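Here the structure is laid out as structure tokens; the discussion comes afterwards.
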Amino acid sequence: MARHCGAMAAVLWARLGTGCLSRWLWGWHLSLGLPAVRLAHAGATKQLQQEYDAVVIGAGHNGLVAAAYLQRAGLRTAVLEKRHVLGGAAVTEEIVPGFKFSRASYLLSLLRPQIYTELELQRHGLRVFLRDPYSFTPLLEDRSCPRSLLLGHDMAQTQQQIAQFSQKDAQAYPEYEVFMGVLVSALDQLLDAPPVDTAALGQGSLLQRLRALRALRPLLRAGTGSHLGTAMQSHTTSPSPGLTLGRQLPRYYEVLTAPISKILDQWFESEPLKATLATDAVIGAMASPHTPGSGYVLLHHVMGELEGRKGAWGYVAGGMGALSQAIACAATAQGAHIFTEKVVCQVLLGRNGQVQGVALQDGTEVKSKLVLSNASPQITFLELTPQEQLPKDFVQRIQQVDTRSPVTKINVAVDRLPSFLAAPNACDGQPLPHHQCSIHLNCESTHLLHQAFTEASHGHPSSRPMIELCIPSALDPGLAPWGCHVVSLFTQYTPSVLAGGQPWDEQARNAYADTVFDCIEAYAPGFKASVIGRDILTPPDLERIFGLPSGNIFHGGMSLDQLYFARPAPSYSGYRSPVPGLYLCGSGAHPGGGVMGAAGRNAAQVALEDFRDL
């Protein structure tokens with residue numbers, strides 16, 4: 001990275017030319033004058049107080065959501081973030097001068113609509129560019145005009161695209177969408193409440209039993225398929241009268257537990273379509289399309305909605321950091337205090353084992369009755385909490401959480417749009433519909449995805465990695481100088497630990513990035529020549545910078561044995577921990593990863609219930 005950055009300024013001047021000069025200077029001036037963190041301090045105290053009702057560790061989006069709800073309910077709340085910028089993995093950073101990257105997370109869809117409405121995020125500056133079409137899969141084919149698969153919300157056009165490969169699949173696709181939509185609608189009810197407290201049902205106090213019974217309602221509704229409606233609004237085909245979760249339960253059970261390849265084989269015959277759909281089942285997971293339970297990961301990624309459109313994904317105007325800023329503004333508008341460069345090193349406990357606050361790296365102690373941790377379960381319970389206060393079996397379960405990560409994120413500044421052999425650029429160089437999509441490379445077949453997984457499972461970065469390429473500046477040109485673009489490469493599979501104990505050093509990182517760029521070059525000749533600078537984040541980098549355990553973007557695998565009742569550990573799935581007053585509010589808690597905010601909102605509600613009883 002140092003070699004790339006060292007020559008960056010000279011390359012930038014040479015490539016941008018006079019046409020980009022004024023825009024480049026304007027963007028650079030803004031980045032120097034208004035770093036993202038300063039915006040969150042508007043209206044907040046400049047002085048950290050000695051005592052609060054609640055302290056939130058980490059200003060990731062879940063932590064900010066939790067703080068907004070706590071402060072909204074009247075609790076004096078502080079958020080303490082170790083980095084210089086708010087947002088955790090949902091940040092915008094100017095890695096290359098003039099280019100603003102969503103450095104880690106890069107797309108929005110899963111954010112719970114209640115949060116969007118209740119925190120008035122639009123009023124606090126959140127704007128989203130919806131993507132339609134949303135998926136583009138070019139093929140490498142030995143023919144004069146390679147084919148591609150373009151999927152969008154227009155069902156007729158999507159069917160025409162699929163028909164290039166299979167008329168049968170084109171006919172089946174609307175029914176598949178409705179089938180998956182009904183299951184998503186059922187599971188959706190489980191996202192906005194804590195999992196059922198099974199221990200309280202059997203041996204808790206009367207109040208605890210009543211709370212546990214109340215928590216059973218969404219689980220029962222999900223299991224019986226009640227209140228599902230007829231279909232997701234975005235589908236153009238209505239389900240048959242018998243298409244309810246109750247009647248289809250065996251088929252839906254199979255989706256949740258079987259390999260996604262088995263499910264897709266039951267619906268489709270064309271490999272490009274199956275591989276494109278399978279990417280949502282393995283993205284962020286050290287899993288193959290042939291791994292049992294990979295179907296749930298797919299459902300997790302299609303649960304969202306934007307502006308009332310089910311399953312829609314979009315780019316946040318200004319990058320993902322703008323979402324975090326909007327949530328932070330909602331919190332500070334209520335009176336929350338948000339601080340950066342405040343490193344929490346320990347959760348403070350009283351003699352009775354109750355939370356008393358936190359200690360900072362500089363020796364400062366901040367007293368509070370509640371502490372909510374947006375950090376991973378590993379950091380929260382294995383590093384910040386005194387071990388003698390935790391049950392040994394609980395510590396062991398946290399140590400055993402599967403955090404393997406296949407992800408390397410590469411952020412790239414380019415001086416022109418990539419031109420794909422399957423869909424060449426227009427003469428004017430302006431973005432075409434497919435440029436706004438998630439562009440899936442090396443996704444011609446599920447076999448290719450499995451092959452890439454197999455290499456990584458043996459400790460070797462994939463020689464033909466799965467690549468999801470996004471160009472947010474195609475819809476949000478303010479992210480880059482005029483005529484230039486920011487490119488996000490979400491790639492896998494790369495193991496957290498390389499074979500033979502080899503380090504992820506500069507040579508290994510650049511060698512893998514070169515492999516990725518060579519793959520892109522095969523689909524879009526000229527891509528490598530367009531590169532101005534790049535930022536390579538391997539699993540160890542994602543852990544070091546963003547606190548993601550082993551680089552896992554979900555704080556832990558989203559396999560069925562690590563969800564709902566078992567997230568992060570059995571008997572502690574309801575945000576409470578073995579330490580009274582300490583709560584988990586990040587992606588390591590129910591319902592898991594993604595820029596969803598549900599964990600933050602749910603944890604705040606649980607903490608508020610307890611605070612009233614203190």
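All residue numbers in this chain count up from 1 along the given sequence. Just so you know, these numbers come straight off a predicted model, no measurement behind them.
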(request) Verify side chain to side chain donor-acceptor pair (under 3.5 Å) between Ser496 and Ser550, making sure each step is shown before the conclusion. (result) CA-CA 6 Å; Ser496 302; Ser550 302; 4.7 Å; no

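- One N or O on the side chain of Thr385 and one on the backbone of Thr380 form a donor-acceptor pair closer than 3.5 Å.
- Atoms CD1 and CD1, on Ile520 and Ile410 in that order, are 7.5 Å from each other to the nearest 0.5 Å.
- Of the possible polar contacts, none joining the Asn374 side chain to the Ala59 backbone as a donor-acceptor pair under 3.5 Å is found.
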(message) Could you go through Tyr69 and Glu118, starting from their C-alpha distance and side-chain angles, then the distance that decides it, and tell me whether this counts as side chain to side chain donor-acceptor pair (under 3.5 Å)?
(response) CA-CA 9 Å; Tyr69 279 98; Glu118 292 166 358; 2.4 Å; yes

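- Between the side chain of Ser368 and the backbone N or O of Val371 there is no donor-acceptor pair closer than 3.5 Å.
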(request) Check the pair Ser587 / His555 against side chain to side chain donor-acceptor pair (under 3.5 Å), numbers first and verdict last. (result) CA-CA 6 Å; Ser587 294; His555 286 191; 4.7 Å; no

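- Side-chain atoms of Tyr493 come within 3.5 Å of backbone N or O of Ala287 as a donor-acceptor pair.
- Scanning all heavy atoms of the two residues, the minimum distance from Tyr523 to Pro138 falls at CE2-O, 3.4 Å.
- One finds the CG atom of Leu273 at 11.0 Å from the OG1 atom of Thr446 (value rounded to the nearest 0.5 Å).
- Checked by atom type and distance alone, the side chain of Gln387 pairs as donor or acceptor with a backbone atom of Phe381 at under 3.5 Å.
- Among all heavy-atom pairs drawn from Pro503 and Leu498, the shortest one is O-CD1, 3.5 Å.
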(request) Verify side-chain contact (heavy atoms from CB on, under 4.5 Å) between Gln562 and Val401, making sure each step is shown before the conclusion. (result) CA-CA 8 Å; Gln562 294 188 170; Val401 171; 3.9 Å; yes

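- Leu479 places none of its side-chain heavy atoms less than 4.5 Å from the side chain of Phe99.
- Between the Ser288 side chain and the Phe453 main chain, no donor and acceptor come within less than 3.5 Å of each other.
- A side chain to side chain contact (heavy atoms under 4.5 Å, CB included) with Arg464 is found for exactly one of Leu449, Leu448, Leu441, namely Leu448.
- Between Ala89 and Phe546, the shortest heavy-atom contact is CA-CD2, 4.0 Å.
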(request) I would like to know whether Thr137 and Thr276 meet side chain to side chain donor-acceptor pair (under 3.5 Å); could you show each step before the answer? (result) CA-CA 7 Å; Thr137 305; Thr276 297; 2.7 Å; yes

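- To the nearest 0.5 Å, the span separating CD on Glu271 from CG on Asp265 amounts to 7.0 Å.
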(request) Go through the steps for Val79 and Phe339 under the test side-chain contact (heavy atoms from CB on, under 4.5 Å), then give the verdict. (result) CA-CA 6 Å; Val79 182; Phe339 301 91; over 6 Å; no

(request) Decide yes or no on salt bridge (Lys or Arg N to Asp or Glu O under 4.0 Å) for Asp188 and Arg112, but give the supporting numbers first. (result) CA-CA 10 Å; Asp188 187 77; Arg112 302 305 293 155; 3.0 Å; yes

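- Cation-pi check for Arg576 over Tyr583 is not met; the charged atom does not lie both under 6.0 angstrom from the ring centroid and within 45 degrees of its normal.
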(request) Show the numbers, then the answer: is there a salt bridge (Lys or Arg N to Asp or Glu O under 4.0 Å) between Lys274 and Glu444? (result) CA-CA 9 Å; Lys274 288 191 289 186; Glu444 280 88 345; over 6 Å; no

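- In this structure, the side chain of Ser102 engages the main chain of Met320 through a donor-acceptor pair within 3.5 Å.
- Shown are Asp514, Thr538, Asp541; of these, the side chain to side chain donor-acceptor pair (under 3.5 Å) with Arg509 is made only by Asp541.
- Taking the six-membered ring where the residue is Trp, Tyr575 and His590 present tilted rings, their angle falling between 30° and 60°.
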(request) Under the ring-ring contact (aromatic ring centres under 6.0 Å, His included) rule, what do Phe129 and Tyr315 come out as? Steps first, then yes or no, please. (result) CA-CA 5 Å; Phe129 295 103; Tyr315 298 119; 8.1 Å; no

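- Atom CG of Leu323 sits about 7.5 Å away from atom NE2 of His61, to the nearest 0.5 Å.
- When side chains are defined from C-beta on, Leu537 counts as touching Asn411, because their heavy atoms get closer than 4.5 Å.
- Between Leu119 and Ala330, the shortest heavy-atom contact is O-CB, 3.5 Å.
- For Arg534 and Phe517, the positive end sits near the middle of the six-membered ring, less than 6.0 Å away and at most 45° from its axis.
- Side-chain contact check for Val56 versus Thr77: some heavy-atom pair is nearer than 4.5 Å.
- Looking only at atom types and distance, the side chain of Thr340 has no donor-acceptor partner in the side chain of His84 under 3.5 Å away.
- Using a distance-only test at 3.5 Å, with no hydrogens or angles considered, no donor-acceptor pair links the side chain of Glu383 to the main chain of Gln378.
- When all heavy atoms of Ile467 and Cys519 are compared, the pair lying nearest together is CD1-CB, 3.9 Å.
- Rounding to the nearest 0.5 Å places SG of Cys345 at 12.5 Å from NZ of Lys82.
- Side-chain contact check for Leu80 versus Leu360: some heavy-atom pair is nearer than 4.5 Å.
- At least one donor-acceptor pair closer than 3.5 Å links the side chain of Thr515 to the backbone N or O of Ala511.
- For His440 and Phe136, the gap between ring centers reaches or exceeds 6.0 Å.
- Under the 3.5 Å distance criterion, with hydrogens and angles disregarded, a donor-acceptor pair is assigned to the side chains of Ser438 and Arg131.
- A heavy-atom distance below 4.5 Å is found between the side chains of Val347 and Val355.
- The closest side-chain donor-acceptor pair between Ser462 and Gln492, if any, does not fall under 3.5 angstrom.
- Side chains of Leu584 and Tyr572 form no contact here, defined as non-hydrogen atoms less than 4.5 Å apart.
- No side-chain heavy atom of Phe565 sits less than 4.5 Å from a side-chain heavy atom of Pro570.
- Two residues are said to be in side-chain contact when any heavy atoms from C-beta on lie closer than 4.5 Å; Lys262 and Glu254 meet this criterion.
- One finds the CE atom of Met466 at 14.5 Å from the CD atom of Gln451 (value rounded to the nearest 0.5 Å).
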(message) Run the side-chain contact (heavy atoms from CB on, under 4.5 Å) test on Tyr296 and Leu187 for me, step by step, so that the C-alpha distance in whole Å, both residues' side-chain angles and the decisive distance to 0.1 Å come before the verdict.
(response) CA-CA 10 Å; Tyr296 177 80; Leu187 295 176; 4.1 Å; yes

(request) Apply the test side-chain contact (heavy atoms from CB on, under 4.5 Å) to residues Met180 and Tyr252: give CA-CA distance (whole Å), side-chain angles for both, the deciding distance (0.1 Å), then the verdict. (result) CA-CA 9 Å; Met180 289 296 187; Tyr252 287 122; over 6 Å; no

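- Ring geometry, Tyr106 versus Phe490: the interplanar angle falls from 30° to 60°, so the pair is classed tilted.
- Closest approach of Val516 to Pro465, counting heavy atoms only: CG2-CG, 4.0 Å.
- Under the 3.5 Å distance criterion, the side-chain polar atoms of Ser405 are left unmatched by any main-chain donor or acceptor of Pro539.
- Residues Arg83 and Glu93 are paired through a salt bridge, judged by an N-O separation under 4.0 Å between the basic side chain and the carboxylate.
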